[in-house]
Amino acid sequence: MSEETNQLIAQRRQALQELRRRNIDPYPYSFDPTHRAADLHREYGDYTAILGEPRVRIAGRIMTRRIHGGSSFAHLQDETGRIQIYLRRNVLGQEDYETFRRLLDIGDILGVEGKVFRTRTGELTVEVESYQLLAKALRPLPEKWHGLTDVETRYRQRYLDLIVNPHVREVFRKRTLIVQTIREFLNRRGYLEVETPILQPLYGGANARPFTTHHHALDATFYLRISNELYLKRLIVGGFERVYEFSRDFRNEGIDRFHNPEFTLMECYEAYADYERMMDLTEEMLEQVALAVHGTTEVEFQGQKLNFARPWRRISMVEAIRQTTGIDVLAQDVAGLRKLLLERGLPEEDLETEWGSLVAQLFEETVEKTLVQPTIVYDYPLEVSPLAKKKRGDQRFVERFEPYVAGMEIGNAFSELNDPDDQRKRFEAQMARRRAGDEEAQPLDEDYLRALEYGMPPTGGLGIGIDRLVMVMTDMPSIRDVILFPQLRPES
RNA sequence: GACCCGUUAGCUCAGGGGUAGAGCACCGGACUUUUAAUCCGGGGGUCCUGGGUUCAAAUCCCAGACGGGUCACCA
């Protein structure tokens, strides 16, 4: 049904006209509440006596209405919750009472002044002595009982979701709490929060296809960053010893429960640290996050009990594969690994060609989903890690780890590669992959190499996928449930 | 990108070849402590879009749009 003919909208527009005819401004400029709903519940909780007829002003959206003859009840909802209001004809007067009854609707924003009391049934209530319409709603809200469940509408019209589904507001409050907890955790350790370019002339720091755009005045191609890694390490070269950034990154890839084209990665870098120090940092940080959100290190996610208490299980990738499958990848060559992957049902055309890439592929196929409890998997193959330093004593691997929770990668960390010549070779290997058709291989960044040639101290780096962390901490099964405005196809 | 499922009133959902349904919301009436208020009466539809089959399509078939799930890619 079109908006013009929608009966419910038409009725509300008529009420709007009538309000204006009565010289009531449906969109006034301000209101000055003395309390919010939660303040009232805190001050005058269930067993508290209400003395001296306290007068309060409170503002919010009308969420329910129970209209009787000469008196009516309604609930106002503000950011903190709901409070019942009570309106009586002989208190408000005939005109104001009838205006409330006839011309105001569920969804309208209202400011009221009145005294706090408790009803016969014990509910804390404000008896309204005067009220002011603060904004007229022209569209009806979803149903009070079932709320809004249609996921498409919930994502496209998140404002509506937030109005009628209180638990959704809770998820996003927790998201902010998580970000704040990490920020304070790093600040306490002397990390400096910085901002680096989102529009980059060359993308790097991860394997992904970028979004491409164009700057008219410079007549130059720019990319939305897929990572801020190379910029943060330039800052380490510059002499900042501990830096971090909550980085909105953009990757031109598929969308599913675990991927949104724009997502948030917290990356931090610490001079003079190696990956073991970053493992400690990771465990401490995420333990703090669990405590901040849940008050305990135990977190329930999709029916599984996860415990973020230190120390976490730490296992090398080679050992993890051995424990899960019995396979010793160190005893396998390329042909052997390919055969093992074929046996596990992988189509031949999907198989990698390099030894280390095959090891990583075998790990992803067999081990990843088994890593339910917080686990650190370390020592990744050289071929899949072009920015990480080679492992002490074994040149086939690099000093890299990923924290896993509930079968999800929620981070990525290295002893950062600071040998400029080695870094150039790694870039060149990436360029070779590119020429072979790998669109996600990393381009060679000459300025980054130049920076490394000035000398970067040994450095530990860590990235944490904030969206996935929030999923785990809020028990949400989809990344769309933890991003306020997830990417959808444009409405036609 | 491939496959499977879904799309019916403002919302939540039934219905599955023969007059378009319910609850809430809405409108009118009664009601000055209700809270899923209650009681009486009423209005409201591009059944996602476009084609096809049929005497007849919301229903069956085809194509498309949008959403969800799985797979692929990625974090």
Side-chain angles (χ1 to χ4, degrees), chain A residues 1-3 5-12 14-15 63-75 82 84-92 97 101-102 105-107 117-125 127 137-157 160 164-165 205-210 226-227 247 249-267 345-347 349-350 364 368 402-404 408-412 438-440 463-469 471 477-480 486 488-492:
Chain A
M1 161 172 281
S2 74
E3 279 171 36
T5 57
N6 182 305
Q7 181 194 49
L8 300 174
I9 293 178
Q11 282 164 0
R12 283 164 182 255
Q14 267 176 21
M63 297 305 289
T64 65
R65 281 199 320 162
R66 292 172 293 284
I67 305 285
H68 303 195
S71 78
S72 298
F73 290 89
H75 277 106
R82 290 187 181 188
Q84 182 167 257
I85 59 174
Y86 179 47
L87 302 95
R88 286 201 291 171
R89 182 184 281 145
N90 62 359
V91 171
L92 286 169
Y97 184 75
R101 243 173 74 120
R102 305 282 169 191
D105 293 289
I106 288 173
F117 77 111
R118 202 179 304 285
T119 62
R120 189 183 290 166
T121 52
E123 179 162 353
L124 192 69
T125 302
E127 170 152 19
L138 297 177
R139 291 172 183 269
L141 290 181
E143 196 212 342
K144 62 183 171 187
W145 198 239
H146 298 92
L148 179 68
T149 61
D150 180 80
V151 288
E152 183 173 355
T153 309
R154 287 187 48 227
Y155 298 148
R156 284 196 198 282
Q157 297 178 248
L160 202 51
V164 300
N165 293 324
N207 296 77
R209 295 166 65 185
I226 59 171
S227 163
S247 175
D249 294 341
F250 304 84
R251 298 187 186 173
N252 211 335
E253 313 276 358
I255 299 176
D256 64 26
R257 275 202 300 147
F258 307 102
H259 300 88
N260 194 63
E262 58 179 298
F263 66 106
T264 303
L265 217 49
M266 190 291 298
E267 295 212 27
L346 253 79
E349 62 271 22
D350 291 351
E364 284 160 23
E368 259 188 18
E402 294 199 354
Y404 276 87
M408 281 191 286
E409 293 173 69
I410 59 163
N412 189 15
D438 181 354
E439 288 183 83
E440 287 166 357
I464 295 289
I466 295 299
D467 310 278
R468 289 181 180 180
L469 180 62
M471 286 170 66
S478 169
I479 198 167
R480 299 180 194 98
L488 298 178
R489 276 200 160 80
E491 273 182 285
S492 46

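Chain A is the first sequence line, chain B the second, and so forth, proteins listed ahead of strands; every chain is numbered from 1. Because the structure is predicted, anything quoted here is derived from the model rather than measured.
- Candidate nucleotides B/rU33, B/rC27, B/rA75 were compared by shortest atom distance to the side chain of A/F73, and B/rU33 ranks first.
- Using a 4.0 Å heavy-atom criterion, one finds that A/R102 contacts the sugar-phosphate atoms exclusively.
- Residue A/D105 places its side chain closer to B/rC27 than to any other of B/rC11, B/rC27, B/rU33.
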note = Contact string for nucleotides 67-73 of chain B, one letter per nucleotide 5' to 3', B = base within protein heavy-atom range under 4.0 Å, S = sugar-phosphate only, - = neither, reads SSSS-BB
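- Base pairing annotation: B/rA2 forms a Watson-Crick or G-U wobble pair with B/rU70, both donor-acceptor distances under 3.5 Å.
- For A/K144, a side-chain nitrogen or oxygen approaches OP1 or OP2 of B/rA25 to under 4.0 Å.
- Distance noted for atom P between B/rG44 and B/rA20: 14 Å (whole Å).
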What does the list of N/O pairs under 3.5 Å between the protein and nucleotides 21-23 of chain B look like, with a distance for each?
{"from": "B/rG23", "atom 1": "N2", "to": "A/E143", "atom 2": "OE1", "distance (Å)": "3.2"}

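- A heavy-atom distance below 4.5 Å is found between the side chains of A/E267 and A/S227.
- Rounded to whole Å, the separation between the P atoms of B/rG28 and B/rG69 comes to 42 Å.
- For A/Q7, the listed nucleotide lying nearest its side chain is B/rG43; candidates were B/rU34, B/rG43, B/rA75.
- You'll find the side chain of A/E368 stays beyond 4.5 Å of the side chain of A/M408, heavy atoms only.
- Minimum atom distance to the side chain of A/R88 is reached by B/rU32, of the listed B/rU32, B/rA75, B/rA25.
- The residue A/G147 sits close only to the backbone: its heavy atoms come under 4.0 Å of sugar-phosphate atoms, none of a base.
- Of the two residues contacting RNA chain B, namely A/L148 and A/A74, the nearest-nucleotide position lying further toward the 5' end is that of A/L148.
- We find that CD of A/E262 is positioned 15 Å from C1' of B/rA75, with the value rounded to whole Å.
- For the pair A/I67 CD1 and B/rG28 C1', the interatomic distance rounds to 14 Å; values are reported in whole Å.
- B/rC66 atom C1' lies 14 Å from atom CD of A/Q157, rounded to whole Å.
- Between A/Y86 and A/T153, the residue whose closest nucleotide on RNA chain B is further toward the 5' end is A/T153.
- When the C1' atom is used for both B/rC71 and B/rU8, the distance is 31 Å, rounded to whole Å.
- Distance noted for atom C1' between B/rA25 and B/rA9: 10 Å (whole Å).
- Across all strands, A/D438 comes closer than 4.0 Å to no nucleic acid atom at all (heavy-atom distances).
- Looking only at atom types and distance, the side chain of A/S72 has a donor-acceptor partner in the side chain of A/Y97 under 3.5 Å away.
- Take A/D150 and apply the side chain to side chain donor-acceptor pair (under 3.5 Å) test, not counting sequence neighbours, and it matches A/T153.
- Atom CG in A/L92 sits about 15 Å away from atom P in B/rU33, given to the nearest Å.
- Across every strand in view, B/rC55 sits in a pair with B/rG18 that passes the Watson-Crick or G-U test at under 3.5 angstrom.
- At distances below 3.5 Å, at least one donor-acceptor pair connects side-chain atoms of A/D467 with backbone N or O atoms of A/T264.
- The separation of B/rG10 from B/rU46, taken at their P atoms, amounts to 7 Å, rounded to a whole angstrom.
- Within the structure, every side-chain polar atom (N or O) of A/R66 is placed at least 4.0 Å from both OP1 and OP2 of B/rU34.
- Taking every side-chain heavy atom of A/S71 into account, B/rU32 is the closest of B/rU34, B/rU32, B/rC31.
- Between the CD1 atom of A/I9 and the P atom of B/rC27 there is a distance of 14 Å, given to the nearest Å.
- Residue A/Y97 is out of contact with every strand shown, counting any heavy-atom pair closer than 4.0 Å.
- B/rC73 and B/rU12 have their P atoms separated by 36 Å, given to the nearest Å.
- Looking at A/R118 and A/T125, their side chains never come closer than 4.5 Å, going by heavy atoms from C-beta outward.
- Contacts of A/E409 with the nucleic acid, taken as non-hydrogen atoms under 4.0 Å apart, involve only primed sugar atoms and P, OP1 or OP2.
- Contact of the A/L148 side chain with the A/V164 side chain is registered, since non-hydrogen atoms from C-beta on lie closer than 4.5 Å.
- The line from CD1 of A/I479 to CD1 of A/I466 is 11.0 Å long, rounded to the nearest 0.5 Å.
- At whole-Å resolution of the value, CG in A/L8 and P in B/rG42 are 19 Å apart.
- Across B/rC31 and B/rA37, the matching C1' atoms stand 11 Å from one another, rounded to whole Å.
- Residue A/T119 is in base contact, counting any heavy-atom pair closer than 4.0 Å across all strands shown.
- The partner of B/rU7 is B/rA65, by the rule that a Watson-Crick or G-U pair needs both atom distances under 3.5 Å.
- Residue A/N6 places at least one side-chain N or O under 4.0 Å from the OP1 or OP2 atom of B/rG10.
- Side chains of A/Q157 and A/R139: no donor on one and acceptor on the other come within 3.5 Å.
- Contact annotation for A/N207: backbone-only contact, meaning every heavy-atom pair under 4.0 Å involves sugar-phosphate atoms and none involves a base.
- Phosphate proximity of B/rC13 to A/T149: present, with a side-chain N or O under 4.0 Å from OP1 or OP2.
- At a threshold of 4.5 Å between non-hydrogen side-chain atoms, the residues A/R468 and A/F263 do not count as touching.
- The aromatic rings of A/F73 and A/Y86 sit parallel, their planes meeting at an angle under 30°, below the 60° perpendicular limit.
- Using a 4.0 Å cut-off between charged side-chain N and carboxylate O, A/R209 and A/E439 make a salt bridge.
- Going from the C1' atom of B/rG21 to that of B/rG67 covers 25 Å, rounded to whole Å.
- Straight-line distance from the CG atom of A/N165 to the C1' atom of B/rU12: 12 Å, rounded to whole Å.
- A/R156 has its side chain within reach of A/L488: a pair of non-hydrogen atoms, C-beta onward, lies under 4.5 Å apart.
- Rounding to whole angstrom units, CZ of residue A/R65 and C1' of B/rC24 are separated by 14 Å.
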